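These notes are about the structure you will find just below.
Both ligands and their constituent atoms are indexed starting at 1 by order of listing. Remember, it's a predicted structure, so these values are computed and weren't measured experimentally.
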Amino acid sequence: MTNVQIYPDAGALMRAAAELFITIADEATAARGRFSVALSGGSTPRALYKLLALDGFARQVDWSKVNVFWGDERAVPPDHEWSNYRMAREALLDHVPIPEVRIYRIPGELSPTLAADVYQRMLKEFFGEANPPRFDLVLLGMGGDGHIASLFPDVPLLHETGRWVAAAKTPAGISPDVARITFTPVVLNAAANVVFLVQGPDKAARLKAVLEGPHKPDELPAQVVKPVDGRLVWLVDKAAHPPVYGAVGA
Ligand code: 6PG
């Protein structure tokens, strides 16, 4: 089931995202006693993390039950300015009472291939080995080229059916220019909820192609996300999804 929700501006989009995060966390905690979430990098997800850190939202979450993972990481140490872990720590995790043992970062300081193996092992320990992990929530941004996590256009990883986590190269022109470690579509599509956050006019043409154009996942990696037994929600603002294409921010 795909659900596209369009908000008047980035602020409204982020508030809706924070509320959805809280609802999914609540439901998961009530059903299973824990909530597992995979965070994304990027400026749009960062705005959500900052909002969730504010008291009005933060106090609605039982942080003792939250287990935080990352859908992708840059191959840098955790204190590096490019680190997705560092970003989420500074925007959110340092401001909420989450137990340290429930923060599962990707070891970006290792070689990307080793880091991917180590992280896959961590996922197996947490979720079990038998089936791909069923995250309660995977948060994703979408790059201007349609990439998600660190799955870029035209890479074989878009068709991966075995590995859960893999090393990835960053194509020319994408910043920062550093190797990555990323979930594969196997994990994204096993989630209970995948929530995309897309904001701003720069994403409008690509978003329209992803949502309304022909299925071309090699060109448009966001199209590989089709949870097998889960919910897919797009939270977007009007600038990214204008009523008449070209009318806003053109
Ligand atoms: C990363 C991300 C990446 C990001 C998108 C959207 O590590 O760079 O995980 O997939 O989410 O590029 O980023 P923006 O919101 O900054 O456009």
List the steps, then state whether side-chain hydrogen bond (donor to acceptor under 3.5 Å, both in side chains) holds for Asp72 with Thr182. CA-CA 4 Å; Asp72 74 325; Thr182 185; 5.3 Å; no
If you apply the rule ring-ring contact (aromatic ring centres under 6.0 Å, His included), what do you find for Tyr85 with Trp70, and how did you get there? CA-CA 8 Å; Tyr85 162 79; Trp70 276 260; 5.5 Å; yes
Does the pair Arg89 and Glu100 meet the rule for a salt bridge (charged side-chain N to carboxylate O under 4.0 Å, His left out), with working shown? CA-CA 11 Å; Arg89 259 222 102 107; Glu100 211 48 45; 2.9 Å; yes
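Ring orientation note: the planes of Trp234 and Phe196 are close to parallel, at an angle under 30° on the 30°/60° scale.
Between Asp136 and Arg34, none of the side-chain N atoms (NZ, or NE/NH1/NH2) sits under 4.0 Å from a carboxylate O, so this pair counts as no salt bridge. We find that Glu90 and Arg86 are joined by a salt bridge, their nearest charged nitrogen and carboxylate oxygen being less than 4.0 Å apart.
Each of Ser40, Gly41, Gly42, Ser43, Thr44, Pro45, Asp72, Arg74, Asn84, Gly141, Met142, Gly143, His147, Ile148, Ala149, Arg180, Lys203 has a non-hydrogen atom positioned under 4.0 Å from some atom of ligand 1.
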